[in-house]
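Take a look at the structure below.
The figures here come from the full heavy-atom set of this structure, side chains too, leaving out hydrogens, waters and symmetry mates.
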Amino acid sequence: MFRAKLSVVPSWLAVCAAAWLVVGCSSTNVDKTANWSPNKIYAEAKDESDSGAYDKAVPLFEKLEGRAAGTPLAQQAQLDKAYAQFKAGEKPNALATLDRFMKLHPASPALDYALYMKGVINFNDDLGIFSFMTRQDLSERDQKAAKESFESFKELVTRFPESRYAPDARQRMNYIVNSLAQYEVHVARYYYTRGAYLAAINRAQLALADYREVPALEEALYIMVKSYDALGLTQLRDDAQRVLTSNYPKSEYLAKGFRSKDDPWWKFW
């Protein structure tokens, strides 16, 4: 039987190799910010964030939170970290950072901004209402993010009506309400086109009960008219049509029927 010979490594080479490993390993753990002032860390973090390197900015903001704990700079670091996480696509982490900020600093002068950021993050987090633009199955969409966005904006404009972020928050709230109503109506139409007329009526009635003075209600009434007609409930059909013509005397639905599928939902407003 043959046995492989083990080569003998010179002792000096082994020592050098070990030294290289020690230096190499230790260099990876060196904290380059160890001797930096909090202001320098913040400046570096902002530079990284402003240049779009959010993955590098987040850990710097986290270091600053610890180094400057209990100071306004630490609070600013938290808010900037949330923004960087949001821009990096880490939306759950950004929301968690904002929740922590509001819990730790309930009297902060930047609380209105934190609420605004929470609203914006949920507003952009594939609300479901935006799925209409890609024609996804409306019955499978979740409106949780849209409603949470609305609640954040509502708290902002209620508690801080004079905030610089309040005007934009009010516009976004209006958009969300319109979109949520439109969502309910789209689902009602989804049921109607599949012959589920009772489900269509119930969903249209839900939109009428929950929302006021939004464009989508015209179609909700029309869906009720068509669904009652399909079920042979002529009296209820006529009642729904009277309400439709009374509120929308020039309704295009009565003249032309449903809008084309190619018409985007946002043309309603």
So, the side chain of [X] versus the backbone of [Y]: is there a donor-acceptor pair under 3.5 Å, distance only?
{"X": "N247", "Y": "V243", "answer": "yes"}
{"X": "S251", "Y": "Y248", "answer": "no"}
{"X": "T193", "Y": "Y190", "answer": "yes"}
{"X": "T97", "Y": "N93", "answer": "yes"}
{"X": "S149", "Y": "G119", "answer": "yes"}
{"X": "S108", "Y": "H105", "answer": "no"}
{"X": "R237", "Y": "A230", "answer": "no"}

| field | Y54 and E90: CA distance, side-chain angles, deciding distance, side chain to side chain contact (heavy atoms under 4.5 Å, CB included) verdict | value | CA-CA 10 Å; Y54 302 111; E90 301 174 9; over 6 Å; no
| Stepwise side chain to side chain contact (heavy atoms under 4.5 Å, CB included) test for R203 and I223 | CA-CA 10 Å; R203 206 64 187 242; I223 289 171; over 6 Å; no
| task | Treating Ile, Leu, Val, Met, Phe, Trp and Tyr as nodes and any side-chain heavy-atom pair under 4.5 angstrom as an edge, say whether L104 and L98 lie in one connected cluster. | result |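 Cluster IDs for L104 and L98 differ.
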| query | Can L221 be reached from L236 by stepping across I, L, V, M, F, W or Y side chains whose heavy atoms are under 4.5 Å apart? | reply |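 Same cluster: L236 reaches L221 through Ile, Leu, Val, Met, Phe, Trp or Tyr contacts under 4.5 Å.
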| task | Look at the aromatic rings of Y116 and Y113 and report parallel, tilted or perpendicular, splitting at 30° and 60°. | result |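 The arrangement is tilted - the two ring planes meet at 30° to 60°.
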| field | Gap separating the CZ atom of R67 from the CG atom of L60, nearest 0.5 angstrom | value |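 It is 10.0 Å, given to the nearest 0.5 Å.
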| Rounded to the nearest 0.5 Å, how far does CD of Q78 lie from CG of L64? |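 These two atoms lie 10.0 Å from each other.
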| query | Which is it for Q85 and K91 under the side chain to side chain contact (heavy atoms under 4.5 Å, CB included) test, yes or no, and what are the steps along the way? | reply | CA-CA 6 Å; Q85 289 171 324; K91 294 177 181 178; over 6 Å; no
Any Lys/Arg nitrogen of [X] or [Y] sitting under 4.0 Å from an Asp/Glu carboxylate oxygen of the other?
{"X": "E148", "Y": "K144", "answer": "yes"}
{"X": "D112", "Y": "R164", "answer": "no"}
{"X": "E65", "Y": "R100", "answer": "yes"}

| Between F258 and Y192, is the gap from one ring center to the other below 6.0 Å? |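 Yes - the distance between ring centres of F258 and Y192 falls below the 6.0 Å cut-off.
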| task | May I ask you to check whether F123 and Y175 place their ring centres under 6.0 Å from each other? | result |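 Between Y175 and F123, the centre distance is under 6.0 Å.
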| task | Report the C-alpha distance between Q182 and N178 in whole Å, list the side-chain angles of each, state the deciding distance to 0.1 Å, and finish with yes or no for side chain to side chain donor-acceptor pair (under 3.5 Å). | result | CA-CA 6 Å; Q182 189 62 53; N178 284 333; over 6 Å; no
| field | Residues forming a salt bridge (charged side-chain N to carboxylate O under 4.0 Å, His left out) with K40, sequence neighbours excluded | value |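 Listed in chain order: E44.
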| query | Do D80 and Y42 pass the side chain to side chain donor-acceptor pair (under 3.5 Å) test, and can you show the C-alpha distance, the side-chain angles, and the key distance before you say yes or no? | reply | CA-CA 10 Å; D80 287 339; Y42 182 72; 2.8 Å; yes
